[in-house]
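Let me begin by presenting the structure, written as structure tokens, before commenting on it.
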Amino acid sequence: MRLGLALGYWGRRPDARHLDLAREAERLGYHSVWTSESWGSDAFTPLAWIAAHTGRIALGTAVAQMAARSPTATAMHALTLDHLSGGRLLLGLGLSGPQVVEGWYGRLFPQSPLTATREYVDIVRQVLRREAPVTLDGRFHPLPYDGPGASGLGKPLRSITHPLRPDLPVLLGAEGPRNVAQTARIADGWLPLYWSPTRTDLYERALEGTPEGFMVAPMVQARLCADPAEGLRPVKTMLALYIGGMGHAARNFHADLMGRMGYESRARRVQELFLAGRRDEAVEAVPDAFADEISLVGPRERLAERLEMWRAGPVTDLLVTAPDPATLRVLAELNA
């Protein structure tokens, strides 16, 4: 099991620690560093900056939002950064949810997410293979565009720039069982959310038949600390935000996932409190047991014990969100 560093997205302003953490992760032998985006900083620009200040570490998006760019624009970002970094990019994509897709990007959330995702990946792969001009008789991403208002002058095009790697890895963030099963068929890896090493049976069937080299790369909040309860506090804060605020009361994929993991009533309670503006209570309502099973917190001995649980399952790459170099160093030593 390889280690990766997950930096996430910026908050109010750029995080001055990110470059130093990325350099330290590379020095410690981490395989990859990952950035993401929501409705603020983008996923690709920070990776370009990190690429310029590192030499070996792989560069991943976890995830770049599909609604933010057309599939050809995403492929252009990917092939450009892959060239500039010497072939280090791992392209992680995610659909996001209706609130972000329609509220931030002004795009219609697809009524058939599986089809929209499949078409998107198809076009990205066509661009990267550069075998012919890109075309798709698609429902969501037709190329050339021939829908309402089309001029009829659209021409199939092939990338001017030759991609460095036609087989550049494409990973997908997927939560529902059918989405995970499709990811296993069409992608080179899966970026799970809320992965629990004690519940790997939830996805056994969906992951059957994945090819050799298929990446299973969940994110995990990690913190070296004397008191596990202290380390769980930021995990619970994150969960309250995602379960309560990252989606509508009637359609929240994160709350649905928590429910499938055995915490349905608690997920709805967290959501109810968060949406009522009682955010501190929402954090407290997140079960310690749930926060603990999807994170790595505590003293070194506890981290060692729990890390073995992650290593025993199908995880190939553990993407660590850690606030300090000491935690990164200890995990590198324990995983050696």
Side-chain angles (χ1 to χ4, degrees), residues 2-96 100 104-105 120-121 123-130 134 158-173 187-189 191 215 217 219 317 319-323 325 328:
R2 302 179 297 195
L3 295 179
L5 169 65
L7 295 174
Y9 46 79
W10 296 348
R12 182 175 297 182
R13 56 183 61 88
D15 193 322
R17 302 171 300 173
H18 279 184
L19 182 57
D20 288 340
L21 286 172
R23 285 169 159 169
E24 179 67 3
E26 181 173 67
R27 188 188 71 78
L28 290 169
Y30 278 59
H31 170 259
S32 54
V33 57
W34 301 74
T35 57
S36 58
E37 58 192 9
S38 53
W39 51 89
S41 60
D42 78 278
F44 290 100
T45 309
L47 285 182
W49 183 251
I50 291 169
H53 293 84
T54 56
R56 301 182 311 277
I57 198 164
L59 310 160
T61 56
V63 294
Q65 295 175 325
M66 293 186 227
R69 307 162 190 87
S70 70
T72 47
T74 292
M76 289 166 66
H77 276 291
L79 72 86
T80 302
L81 186 48
D82 203 45
H83 268 293
L84 292 175
S85 65
R88 289 192 273 158
L89 187 67
L90 300 164
L91 180 60
L93 302 171
L95 198 59
S96 193
V100 174
W104 181 249
Y105 295 116
Y120 201 102
V121 171
I123 291 174
V124 168
R125 290 203 188 277
Q126 285 191 57
V127 174
L128 295 174
R129 287 195 300 263
R130 202 180 176 274
V134 181
R158 178 162 46 181
S159 173
I160 296 170
T161 306
H162 291 233
L164 181 64
R165 293 184 296 162
D167 57 351
L168 187 155
V170 176
L171 298 88
L172 293 174
D188 302 298
L191 296 160
M215 293 175 63
M219 289 190 193
D317 295 78
L319 311 186
V320 177
T321 300
L328 296 180

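These numbers come from the heavy atoms of this one structure, side chains and all, not from hydrogens, waters or symmetry mates.
Within the 4.5 Å cutoff, no side-chain heavy atoms of Thr74 are placed close to those of Val127. Thr80 is not listed as a side-chain neighbour of Thr161, based on a closest heavy-atom distance of 4.5 Å or more. The closest side-chain heavy-atom distance from Leu328 to Leu21 is below 4.5 Å. Side-chain contact between Leu5 and Leu319 is absent, with no heavy atoms from C-beta onward closer than 4.5 Å. Leu3 is not listed as a side-chain neighbour of Leu28, based on a closest heavy-atom distance of 4.5 Å or more. Looking at heavy atoms from C-beta onward, Ser96 lies out of side-chain contact with Trp104 at the 4.5 angstrom threshold. Residues Leu172 and Leu93 meet the side-chain proximity criterion, which asks for heavy atoms closer than 4.5 Å.
One finds the CG atom of Leu171 at 5.0 Å from the CG atom of Leu191 (value rounded to the nearest 0.5 Å). Taking CG from Asp82 and CG from Leu128, the interatomic distance works out to 8.5 Å, rounded to the nearest 0.5 Å. Between Leu89 atom CG and Leu168 atom CG the span is 5.0 Å, to the nearest 0.5 Å. Distance check: Leu84 CG to Leu47 CG gives 12.0 Å after rounding to the nearest 0.5 Å.
Every residue meeting the side chain to side chain contact (heavy atoms under 4.5 Å, CB included) condition with Asp15, not counting sequence neighbours, appears here in chain and number order: Arg17, His18. Residues passing the salt bridge (Lys or Arg N to Asp or Glu O under 4.0 Å) test with Arg125, sequence neighbours excluded: Asp188. Residues satisfying the salt bridge (Lys or Arg N to Asp or Glu O under 4.0 Å) criterion with Arg27, sequence neighbours excluded, are Glu24. Applying the side chain to side chain contact (heavy atoms under 4.5 Å, CB included) test to Thr321 and every residue at least two apart in sequence or in another chain returns Ala6, Gln221. Scored by the side chain to side chain contact (heavy atoms under 4.5 Å, CB included) test, Pro166 finds no partners at all (sequence neighbours excluded). Remark: Tyr120 pairs with His141 by the ring-ring contact (aromatic ring centres under 6.0 Å, His included) rule, at least two apart or across chains. Taking the salt bridge (Lys or Arg N to Asp or Glu O under 4.0 Å) definition, one finds that Arg56 meets it with nothing, sequence neighbours left out. With sequence neighbours excluded, the residues forming a side chain to side chain contact (heavy atoms under 4.5 Å, CB included) with Ser70 are Thr72, Ala73, listed by chain and number. Scored by the ring-ring contact (aromatic ring centres under 6.0 Å, His included) test, His77 finds Phe44 as partners (sequence neighbours excluded).
Residue pairs meeting the salt bridge (Lys or Arg N to Asp or Glu O under 4.0 Å) criterion with at least one member in residues 35-44, sequence neighbours excluded, are Glu37-Arg69. Applying the side-chain hydrogen bond (donor to acceptor under 3.5 Å, both in side chains) test to residues at least two apart or on different chains, the pairs with a partner in residues 83-94 are Thr54-Arg88. Sorted pairs that involve residues 44-55 and meet salt bridge (Lys or Arg N to Asp or Glu O under 4.0 Å), not counting sequence neighbours, are lacking altogether.
Heavy-atom minimum distance, Tyr105 versus Ser38: OH-O, 3.5 Å. The nearest pair of heavy atoms linking Met215 to Asp317 is CE-OD1, 3.5 Å. The minimum heavy-atom distance between Leu164 and Gly86, with the atom names listed, is CD2-C, 3.8 Å. Heavy-atom minimum distance, Ala51 versus Leu59: CB-CD1, 3.5 Å.
Checking side-chain atoms of Arg2 against main-chain N and O of Ser32 turns up no donor-acceptor pair under 3.5 Å. At least one donor-acceptor pair under 3.5 Å links the side chain of Ser41 to the backbone N or O of Trp10. A side-chain donor-acceptor contact under 3.5 Å links Glu26 to the backbone of Ile57. Of the possible polar contacts, one joining the Thr61 side chain to the Gly92 backbone as a donor-acceptor pair under 3.5 Å is found. Arg130 contributes no side-chain N or O that, together with a main-chain N or O of Pro163, makes up a donor-acceptor pair within less than 3.5 Å.
Counted by atom type alone, Trp34 and Ser36 present zero donor-acceptor pairs between their side chains at under 3.5 Å.
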